[in-house]
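Structure first, commentary second.
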Amino acid sequence: MPDPWPTAITNIKPNSVRVRGYDIAELMGRCSFGQMVYLLLLGEPPDAPTGRLMEAILVSSVDHGATPPSALAARTVASTGASLSASVAAGVMSINRHHGGAIEACAHTLGEVVEKARFGKTLDEASDDVIGGYKKRGERIAGFGHRVHTADPRTRRLFELAAEAGVGNTPDTEPSHVDAARALERAFARAGKPLPINVDGAIGAILADLGFDHATMNGIFMIARAPGLVAHVVEEQHRMKPMRKIDPASHTYDGPADRTAPNQE
Ligand SMILES: CC(C)(COP(=O)(O)OP(=O)(O)OC[C@H]1O[C@@H](n2cnc3c(N)ncnc32)[C@H](O)[C@@H]1OP(=O)(O)O)[C@@H](O)C(=O)NCCC(=O)NCCS
């Protein structure tokens, strides 16, 4: 028998399933999906406010209507008669550098600002430098600007929950990615081009401050968006004619009218 290969994620034995050492039956009903994703990817469970923050990140990205490329790709493939798995996979395959990828790319840029601020510059000076560099190269800074929203409600709520979890807001100690995001927002305004931090930028900042590896950040977006893609594919299969010409912009919403979320506490 060859030497066994190592895995540190889940230990399966007869009548026992332990994820990162924890009995899955003990976690079930006590641990939220966000806490579980955090445990799975970082190896240790989050404290309660960080678990709520992680849960909010997943909820914030669950769907953004019929126009994002992943929904369009999933619906287009579904309309050809493809299976649920093939259609959802098509949606996931369109989550890349320019869709969902702004999370990782923004975390990288915020890292540049944080690095400069560690070596003597203020966050504002570091942000001006970084924006100047991107402008010179003719590149956009991922995580800023939005096609639809000028004050994205998801961003504000994520930063509120981040503050409750003690993430960011440490300008007097170690510069954080959340503070760097706010400093870049101020720098865009100073440069005469006020661009809001978008939801991807907020998530990139928070995940970087929580210590997530850049390589897992697009994966967190995929985990969050998978339920939305399943919903789009199932709706396409049940409500629409096969092989229709899909114009993403010419849809109309006919779901429930606005209502208040039930209190789950
Ligand atoms: C999301 C995005 C495509 C929306 O773009 P838009 O509102 O249609 O804006 P436009 O592409 O028309 O750009 C308007 C101006 O703002 C500038 N701009 C927009 N977003 C910018 C950014 N992130 N960094 C630098 N400049 C930006 C453009 O260069 C353009 O400048 P100009 O008028 O001098 O030519 C754009 O803001 C962007 O590329 N953002 C970065 C990628 C990102 O975060 N994607 C995730 C979205 S949730």
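Atoms within a ligand are numbered from 1 in the order they appear, just like the ligands themselves. Numbers here are sequence positions counted from 1. Remember, it's a predicted structure, so these values are computed and weren't measured experimentally.
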Checklist line | Minimum heavy-atom distance between Ile9 and Leu40, given as atom pair plus value | finding: CG2-CD1, 3.7 Å

Item checked: Side-chain (His251) to main-chain (Pro248) donor-acceptor, under 3.5 angstrom -> yes

Check: For the residue pair Phe144 and Glu185, what are the closest heavy atoms and their distance?
Finding: CE2-N, 3.9 Å

Margin query: side-chain hydrogen bond (donor to acceptor under 3.5 Å, both in side chains) for Ser176 and Asp179? Distances and angles first, verdict last.
Written below: CA-CA 5 Å; Ser176 72; Asp179 292 323; 2.9 Å; yes

Notebook entry, point to check: Which pair of non-hydrogen atoms, one from Ala126 and one from Lys121, has the smallest distance, and what is that distance?
Noted result: N-CB, 4.3 Å

Item checked: Worked verdict on Leu58 versus Ile220 for side chain to side chain contact (heavy atoms under 4.5 Å, CB included) -> CA-CA 8 Å; Leu58 296 178; Ile220 290 170; 4.1 Å; yes

Notebook entry, point to check: Mind checking what residues have non-hydrogen atoms under 4.0 angstrom from ligand 1?
Noted result: Ala102, Arg140, Ile141, Ala142, Gly143, Phe144, Gly145, His146, Arg147, Phe188, Lys193, Leu195, Asn198, Asp200

